[in-house]
Amino acid sequence: MNEKYVPREIEPKWQKIWADSGAFHTEVDRTKPEYYVLEMFPYPSGALHMGHVRNYSIGDVVARFQKMRGYNVLHPMGWDAFGMPAENAAIKNKVHPAEWTWSNIANMRRQQQELGLSYDWDREVATCHPEYYRWTQWLFLLFFERGLAYKKKAAVNWCDECNTVLANEQVIDGNCWRCNSVVVKKELEQWFLKITDYADRLLKDLDLLGGWPERVRTMQENWIGRSEGAEFSFDVPELGEKIPVYTTRQDTSFGVTYVVLAPEHPLVEKLIEGKSEAAAVRAFVERVRNLSEINRTATDVEKEGMFTGAYAVNPFNGEQVPIWVANYVLFEYGTGAVMGVPAHDERDWAFATKYGLEKRLVVQTPATPLTIATMDGAYDGTGVMVNSGQFDGLDNETAKGKMADWLETQGVGRRRVTYRLRDWLISRQRYWGAPIPIIYCDDCGAVAVPKEELPVRLPENVRFDAGSVSPLASAGDFINCQCPKCGKPARRETDTMDTFICSSWYYFRYTDPRNAKAPWDVNKCNYWTPVDQYIGGIEHAILHLLYSRFFTKVLKDAGLVDTDEPFKNLLTQGMVIKDGAKMSKSKGNIVSPEEIVKKYGADTARLFILFASPPERDLEWSDQGVEGAARFLGRLWRIVHHFADAVVGAPATYDAASLDANEKELRRALHATIRKVTDDVADRFNFNTAISSIMELVNAMHAYRDAAATVHPALLRETVEALLRLLAPFAPHIAEEIWQQLERSGSIHQQAWPKWDAEAIKTDSVEIVVQINGKVRDKLTVPSELSSAELEKVALQQEKVQQLVEGKTVVKVIAVPNKLVNIVVK
RNA sequence: GCGGGUGUGGUGGAAUGGCAGACACAACAGACUUAAAAUCUGUCGGUCUCACGGCCGUGCCGGUUCGAGUCCGGCCACCCGCACCA
């Protein structure tokens, strides 16, 4: 074995051998259990950052570990390759987005390969490849056929910087998720996917996701935002119109003192027509609608409204109440109109107080009765119904049900479940995305492009600085076509799809990535999916993870997959931090993975990242920590080198009973390490503690060396072979290299994961802590497995214990075998 | 406001209710060396003590328990998500 560890030489060597031999190529094999491990595929921005390295290192440990445990492992990689930066680069640098993207992919793929990741590169996909987006379009048409893709005119989120619309999920605090500029509302006709049809299943099936972090499930639950209530209408007699309202507090309906419409509500104009209020209301509506999302919806925005001059009738009591328009009512939620109950709703209280509207108490707390005059805010707790006609005297929770019943029997309303979730706006006015495969015909309307004509390819020659319309709109060759139904001249849709569509199904494509007849073969897909372990950043807690769950459910309904959920287990890794902040260009605290790999090698980089912190927590980058990881690998190399000659020719077996104390201790350390590493990796993903126990084993080997007069070749062979196999998932190159230099057969990555011998871990004697009243007062060494009774006896006999107990009464003794004795005295 | 999370040495972090601080980083000391680097070994929470040893210590206050970093209740601080969703 070589004396020196030179990662620069061994790493590229093994990377080439693994690639040339197809070491990580995977096929369906029904004789083995399958395991699908997946890291979120990256956007090809140009170079890997440390977050990527962390993500892939975690996934690679899992993949290599499960492979050694006998699973048929699918571990693919690809590219989320459509998106804005490519287009911005095109505008700025006059490079075509395709060229920019493909060269970034080549660079990042090289960087990944230099990390020694065990991907099956034969399965690589890129969403911008026509053979991929062909199926993205095919799936869009599947949604279209199933009535789940539709076009509507709506006030949508518009980012001026990106020149495109955004889905609700992509607006963060009123700003664009990508460029952070302010999002405004714009009235446009756009394509939507009906994710709201699946709201209930998306919510319910969160219960199936026991392998997901609670935090992510909660975030999705909040986002979906289910609420139960009732919808009913207020009549507007003067117009013969109805105003439907949605409420979760139908029990407070007798407390209604006004009705409010959202400024966008179509009835507003009818209500004010010809009234003296008309001009002022119009001006108010105009002003509110021009506000940005954030200025409009922040909680601290003051409530503002105007009386329309019209009145509506409360169906419960026949009372006429004024109709207002106000900024705090959302048009998109519920019915776009709400009933105002100032006494029992905080927002209505504030509004009514500001405009001098009546407040009427209908839920009372008899013990300490409320009065409007003495209340300093709305009461939204439980109580007894008052001022509510036939419902008086009921507790308000019961009244909720009875009043919903009443609405239904009277035929003026019904129970209703409402969601906060909105349909997914998927049109994008951009070039670098999958074209929406729709053709507009004057006679036939929106017609699907026939599936055999897919893909609708992106034209090459377009201008990218088109402004507020898609660059495709300027490509005459692209737009003009014939209607597939009637053959008349027609126009293509010029918007492309949100890139989150492309990433909502890539994990299915990996199971059959070169299929030219279908998005995937159902049998292959069903063999592999769902993904057993998905790994990625928390930033996709809603976005990508919600969309993918939606896609999976639609595909299940269509018979294309047999799973309800795409990702069985989810690991959300923490950020990589330096000097207390996320690594970023603007902070100037970036450490380049490529430079670290050049300087120390991939094994060191991986080991440091896995050792420095458990995967879910943020990881503080430390240059000295990296040095430490490199030092450890060198130390491991040297101790193995020290024993190499003994190991090479050593017999495969030995008699464990004949070992001396020093040898026995090494054997104990080895088997304890195997157990610890196995548990840490398999059950808990605690790679940091797994690595620390491998370090302890190396320390134990040093201790053995220092204490041993002669060496025991067979024991050392067992120790080194197991050590290398434990190390292999974390630092694959060095493990493989030493394996080969010690003349072991085959690749280490084809070896079985080591098993521990429970007998070897047992010790003859154990140290027992003796406590008196919970404080450690003595320690004694006793044979292991000594019974509680024996232990108690021995402990009480100790001289020191007797001194301390002298003159006191022993009340109780707790003796835990192999652990401690606690003597309670008075 | 609602929901979730985190809080342990100089630092990253470790502890199925059972010796708090494993394993590292940094620091200090020793060995090797002409010397340095590298390497190997050792010390390393605070405090009192020449020492033996004692006392204190896991954000704060209380509780359960023979025993609490860990479980329960109440606070505080920070982070994340949602937030006029009726």
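Proteins get letters first, then strands, A, B, ... in listed order; numbering begins at 1 in each.
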Assess whether one donor atom and one acceptor atom, taken from the side chain of [X] and the base of [N], lie less than 3.5 Å apart.
| X | N | result |
| --- | --- | --- |
| Lys779(A) | rC19(B) | yes |
| Glu767(A) | rC19(B) | yes |
| Asn222(A) | rC82(B) | no |

Looking only at the side chains, is there a donor atom on one of Thr248(A) and Lys400(A) sitting less than 3.5 Å from an acceptor on the other?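 No, no side-chain donor-acceptor contact under 3.5 Å.
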Row check, Tyr328(A) ring normal vs Lys303(A) NZ/CZ: under 6.0 Å, within 45°: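 Judged by the rule, Lys303(A) and Tyr328(A) form a cation-pi pair.
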Looking at Trp637(A), I'd like to know if the NZ or CZ of Lys4(A) sits under 6.0 Å from its six-membered ring centre while staying within 45 degrees of the ring's axis. no
Pick base, sugar-phosphate or nothing for Gly334(A), based on heavy-atom distances below 4.0 Å to the nucleic acid.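 Here Gly334(A) touches no strand at all.
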Measuring to OP1 and OP2 of [N], would you say a side-chain N or O of [X] lies under 4.0 angstrom away?
| X | N | value |
| --- | --- | --- |
| Arg675(A) | rU16(B) | no |
| Lys775(A) | rA20(B) | no |
| Arg684(A) | rA15(B) | yes |
| Asn822(A) | rC19(B) | no |
| Lys812(A) | rC66(B) | yes |
| Tyr328(A) | rA86(B) | no |
| Arg631(A) | rA24(B) | no |
| Arg777(A) | rG67(B) | no |
| Arg215(A) | rU6(B) | no |

Answer for the Watson-Crick or wobble partner of rG73(B), both distances under 3.5 Å, is rC61(B)
Under a 3.5 Å limit for both distances, which nucleotide forms a Watson-Crick or G-U wobble pair with rC78(B), could you say? rG5(B)
Name the orientation class of the two ring planes belonging to [X] and [Y] (parallel below 30°, tilted from 30 to 60°, perpendicular beyond 60°).
| X | Y | value |
| --- | --- | --- |
| Trp424(A) | Tyr547(A) | parallel |
| Trp177(A) | Phe500(A) | tilted |
| Phe316(A) | Phe254(A) | tilted |

Hey, is Arg684(A) close enough to Asp679(A) for a salt bridge, meaning N to O under 4.0 Å? no
Round to the nearest Å and state the distance from [X] atom [atom1] to [N] atom [atom2].
| X | N | atom1 | atom2 | answer |
| --- | --- | --- | --- | --- |
| Arg416(A) | rA86(B) | CZ | P | 11 Å |
| Leu804(A) | rG53(B) | CG | P | 13 Å |
| Leu330(A) | rC82(B) | CG | C1' | 14 Å |
| Ile542(A) | rA83(B) | CD1 | C1' | 13 Å |
| Met695(A) | rC23(B) | CE | P | 11 Å |
| Glu221(A) | rC82(B) | CD | P | 15 Å |

Sugar-phosphate means primed atoms, P, OP1 and OP2; the rest is base. With that split, encode nucleotides 7-13 of chain B 5' to 3' as B, S or - using protein heavy atoms under 4.0 Å. -----BS
Could you tell me whether rG54(B) is syn or anti, where syn means a glycosidic angle within 90 degrees of zero?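 Nucleotide rG54(B) adopts anti.
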For the student: nearest non-hydrogen atoms of Pro263(A) and Val329(A), plus distance: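 Smallest interatomic distance, heavy atoms only, reads CD-O, 3.9 Å.
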